[in-house]
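Index from 1, following the sequence. Just so we're clear, the structure is a prediction, and the values are computed from it rather than from any experiment.
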Amino acid sequence: MSNDYVFDIETYPNVFTLAVEHAEAPLHWMFEISDLRNDSRQIVEFLQFLKETDSRMVGFNNLGFDYPVIHTLIRMGQSDANTLYQKAMAIINAQDEDGGRWMHSVKPSDQFVAQIDLFKIHHFDNRARATSLKVLEFNMRSDSIEDLPFPVGAVLTREQIEVLKQYNKHDVAQTKAFYYHTLDMIHFREELTRKYARDFMNHNDTKIGKDYFTMKLEEAGVACYDFGPNGRTPRQTKRPVIHLKDAILPWINFEHPEFNRVMNWLKAQTITETKGVFTDLTATVNGFTFVFGLGGIHGSVESEVIESDGEYVIVDLDVTSYYPNLAITNGFHPAHLGKEFVSIYKHLFEQRKQYPKKSAESAMLKLALNGVYGDSNNQFSIFYDPLFTMSITLNGQLLLCLLAEGLMHIPGLRLIQVNTDGLTVRVPRSHKMLVDLARAAWQTRTGLNLEEAVYKAMMIRDVNSYIGVFEDGSTKRKGAYEYKVGWHQNAGGLVVPKVAEKVLVDGAPIRETVEQWPEIMDFMLRTKVPRSSHLAIEWDGQQPQKIQNITRYYIAEGGGRLFKWMPPLKGKNEWRKIGVESGWGVQPCNDIREAGKLPVDFDYYVREVEKLCLGLA
C-alpha cells in the first residue's frame, strides 16, 4: 500500500481549506479554518501522523505554494484563515521580485513531511513549459474542467465556502489522476535516490542529468564550485569576446563554393553573445536550401509526398548521440572543467551501452549526456562556456554539410531533409552502395557513427511538419501531424492530425472519416486567458455570458460566438474584444455532458484536415 497522500489547499481572507486523498485507498479528508470552525489542531495532528508513518504529500506546485503555507501553520501550531491568506499572498507577490521564487521555499531537510511536486518533476517551472492544472485537466480528457469559482481575495459566504470545498476536492482528484500519469517518473527518481544516496525526487529530467554529471566530475576531483562569503557559486568560463574561427575544426573544407562561403563568413565573425549569430544565414546547393541556426541546421523539401519504389529508396542517416560524441571525439570541453570532462563524457557514453534501453540507468545516463550542451550556454550553470557551445553547434552543422556534399555527387540522388543530427535522401537503388561508401568515408573522417533507417514514404508539409512511414510500418510524426503531444503542449483538435494520417498513409476519404470519427474528445479545443481578462460567449439574441477563464469547447452547428475580453493597452481606455474561432460557432464543454447539446460542425474539422493533406503533391 502506498504511503503517498495527494493534497491541495485554497486560501481566502476568511477561509482556508485543505483537501487530502490517499493515493490508492478510497480515503478522503477535508479540513477547514474559518470563522465557523478551526481545524488547526486536527491538521497538525494529521501531518504528525504522516510524518510518523514515513508518508509523502503529493501536490501540484506544492513546493512553491501549498507546502510553505502549511509549513507556516505547522510552526505556529494554530492559525486563523487570514494569517494563512496573507502568507499565500506574500508567496504570490514575491514571484515578481528578484530571487522571490526562492524566498518562501522550505528546504527538504526542514520539511515536516516529505513532498513530491508533480509541477517540478515535469519541469513546468520552466517558462517555456509552464502548464497549469486546468490545462492538464484538458490534456487528461477529464470529464469536468473547473476553474477557481471565486475571485482571489473575496470574502466568502457560508454557501460559497461549501462550493469552494467541492472545488478543492475536484483539484485533488485531478492531481491524483496526474500522479498516476507520473508514477513511472516517480519510481525512476526513487531508484536513483536509493542507488546514489542523493535526493533526486523533485528533479526534472534535465536536472537529473546535470546533477549526475556534476557528481561524476566531483568524484574525479574536478572542482565545479567556488566557495566564499556569499556561499557556493558555479565555476564558469566567461568570454567577453569569441572569435568563431577558434570554434571551427581546422580540417573542415568543402568543394562547393556555397559551403565555403558560409564557413568563411562564420570564421570571420567575432561575437560578444551567442544570440543572433545565424540570422538569415543560408546556403543553396543543387537547389536545396540549408538554413543555419544556433539550435542546429535544417532544411527540407516542402508540400510533397515522396515514396520508395522499385527504382528508388528513401534513406535516413542520423548521427549517434551527435552532440555528446562531437565533444568526445574532438576533445571539446568547458575550459574551466579541463580534459577530465571529456574522459567522463566518454565513460558515461560507454557505460550507457551496458544497460538495457528501458532501464533507469540508461534513462539517467541519456539525460546526463544530452543535458550538457544546452547548459553550456546557461549563465547559471557549472558547464557555462559559450566557446564550447559554439564549437558543438558550428561543427555539428558544418559536418552535416560535409556529409551532404559527399552524397550529392551520387547520380540521381536527391536531398530530402537535413536536421540537427542527420539527413534524408532519395537515391536510385542501383546506387545505394555509393551511399554506403560515402557514409563510411564520412564516419572515418569524423570519428562519428551514422545510423541508417529506410522510409517507405514521407509526406512533408515543411521542415517542421511531416509524416514518415518506415519499412517496418512504424510511423514518425512531426509538428502539425503529431498527436502524441507532451503534457505542456496543446492537445486540442487531435481529430485533425489523426485523420490526416489516415488520409495520407491509408488513403482514407477526408469528410467521411471525420464524420465517422468515434471519439468526441478528439474534437475538443481549448482556449484560456489570464485572471486579468475573461472569456464570454454570445448566443444569437442573448446577452454575452461570461464563462470560466480556461474553457473546453468544440465547433458546433448553431453554436455561440466566443470572445476574449482583454484589459486596455497602456494609454487606452477601451477593453479589447478578440474573437476565438472567428466565423465559427462553438459549444462550451467544460462538463463533458454538454457534448450532446449541439451537433459537431464537421466543416471546420474537414477544412483543417484539408490544410494538412491537399497541398501535398
Side-chain angles (χ1 to χ4, degrees), residues 234-285 288-299 319 321-339 341-342 345-346 369-406 408 415 418-423 442 445-448 463:
R235 296 189 68 212
Q236 299 176 327
T237 299
K238 298 180 180 180
R239 300 180 185 270
V241 173
I242 303 173
H243 304 289
L244 293 190
K245 64 181 181 181
D246 296 336
I248 296 173
L249 291 167
W251 56 264
I252 298 177
N253 58 78
F254 297 99
E255 297 176 11
H256 200 285
E258 269 293 276
F259 288 139
N260 277 319
R261 176 186 64 80
V262 168
M263 184 170 69
N264 292 333
W265 182 88
L266 288 169
K267 286 182 175 180
Q269 304 307 304
T270 297
I271 64 174
T272 56
E273 61 177 1
T274 53
K275 291 182 180 178
V277 178
F278 300 103
T279 304
D280 299 325
L281 183 60
T282 64
T284 300
V285 180
F288 187 92
T289 299
F290 297 78
V291 181
F292 299 84
L294 182 59
I297 195 170
H298 68 271
V319 189
S321 296
Y322 195 14
Y323 283 3
N325 278 314
L326 266 176
I328 293 166
T329 303
N330 296 287
F332 298 148
H333 59 274
H336 57 283
L337 297 178
K339 293 184 178 180
F341 170 91
V342 181
Y345 220 170
K346 184 176 182 179
L369 290 166
N370 293 339
V372 172
Y373 163 73
D375 235 38
S376 67
N377 204 31
N378 174 1
Q379 296 183 17
F380 302 99
S381 170
I382 67 157
F383 300 106
Y384 180 68
D385 182 348
L387 180 60
F388 175 79
T389 309
M390 301 311 297
S391 297
I392 295 292
T393 191
L394 291 178
N395 291 298
Q397 295 176 79
L398 293 174
L399 292 181
L400 283 179
C401 290
L402 199 63
L403 175 62
E405 184 179 70
M408 284 178 171
L415 190 59
V418 61
N419 54 43
T420 305
D421 58 359
L423 52 75
W442 186 88
R445 192 173 183 185
T446 63
L448 302 167
V463 67

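Checked against ring-ring contact (aromatic ring centres under 6.0 Å, His included), Y345 has the following partners two or more places apart in sequence or in another chain: F213, F341. A search for salt bridge (charged side-chain N to carboxylate O under 4.0 Å, His left out) contacts involving R235 returns D226, not counting sequence neighbours. Residues meeting the side chain to side chain donor-acceptor pair (under 3.5 Å) test with H336, sequence neighbours left out: T237.
Counting heavy-atom neighbours within 6.0 Å of K346 NZ, excluding the residue itself, gives a total of 12 or less.
Closest non-hydrogen pair, D421 versus Y322, comes out as CA-CD2, 3.6 Å. Heavy atoms only, all atoms of each residue included: E258 and T284 are closest at OE1-N, 3.3 Å. Summarising the geometry of A404 relative to L415, their closest heavy-atom pair is CB-CD2, 4.3 Å, with the distance given to 0.1 Å. Nearest heavy atom pair, residue L266 against residue L244, reads O-CB, 3.2 Å. Across H243 and T270, no two heavy atoms sit closer than the pair ND1-OG1, 3.0 Å. Summarising the geometry of W251 relative to N253, their closest heavy-atom pair is O-ND2, 3.0 Å, with the distance given to 0.1 Å.
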Problem - side-chain contact (heavy atoms from CB on, under 4.5 Å) between I242 and Q269, worked out - result: CA-CA 8 Å; I242 303 173; Q269 304 307 304; over 6 Å; no
Exercise for the section: Evaluate the criterion ring pair (Phe, Tyr, Trp, His ring centres under 6.0 Å) for residue pair Y373 and Y323; output intermediate values, then yes/no. Expected result: CA-CA 7 Å; Y373 163 73; Y323 283 3; 4.6 Å; yes
Practice task
Applying side-chain contact (heavy atoms from CB on, under 4.5 Å), run through N325 and V319 and close with a yes or a no.
Solution key: CA-CA 9 Å; N325 278 314; V319 189; 5.8 Å; no
Practice task
Apply the test side-chain contact (heavy atoms from CB on, under 4.5 Å) to residues N378 and F383: give CA-CA distance (whole Å), side-chain angles for both, the deciding distance (0.1 Å), then the verdict.
Solution key: CA-CA 8 Å; N378 174 1; F383 300 106; over 6 Å; no
Practice task
Go through N264 and F259 one step at a time and tell me if the side-chain contact (heavy atoms from CB on, under 4.5 Å) criterion holds.
Solution key: CA-CA 9 Å; N264 292 333; F259 288 139; over 6 Å; no
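Two residues are said to be in side-chain contact when any heavy atoms from C-beta on lie closer than 4.5 Å; L337 and P334 meet this criterion. V372 is not listed as a side-chain neighbour of P324, based on a closest heavy-atom distance of 4.5 Å or more. Side-chain atoms of I297 and C401, non-hydrogen and from C-beta on, do get closer than 4.5 Å to each other. Here the side chains of T329 and L448 are in contact, with some heavy-atom distance below 4.5 Å.
For F290 and F292, the distance between ring centers is not under 6.0 angstrom.
Between the NZ atom of K245 and the CE atom of M390 there is a distance of 15.5 Å, given to the nearest 0.5 Å. Expressed to the nearest 0.5 Å, how far OG1 of T389 lies from CD1 of I392 amounts to 8.5 Å. Rounding to the nearest 0.5 Å gives a distance of 5.0 Å between CD of E255 and CD of E405. For the atom pair L400 CG and N419 CG, the distance stands at 8.0 Å (nearest 0.5 Å). Here the CZ atom belonging to R239 is positioned 4.5 Å from the CG atom belonging to L387, to the nearest 0.5 angstrom. Taking CG of L398 as the reference point, atom CG of L249 lies at 8.5 Å (rounded to 0.5 Å).
With hydrogens and angles disregarded, no donor-acceptor distance shorter than 3.5 Å links the side chain of Q236 to the backbone of D385. Side-chain atoms of Q397 come within 3.5 Å of backbone atoms of T393 as a donor-acceptor pair (strictly under, hydrogens ignored). Not one N or O on the side chain of S391 forms a donor-acceptor pair closer than 3.5 Å with the backbone of F332.
No hydrogens or angles considered: nothing links the side chains of T289 and T282 as a donor-acceptor pair under 3.5 Å. Side-chain contact, N377 with T274: a donor N or O sits under 3.5 Å from an acceptor N or O.
Each of I252, L399, L402 was scored for a side-chain contact (heavy atoms from CB on, under 4.5 Å) with R445, with one residue passing: L402.
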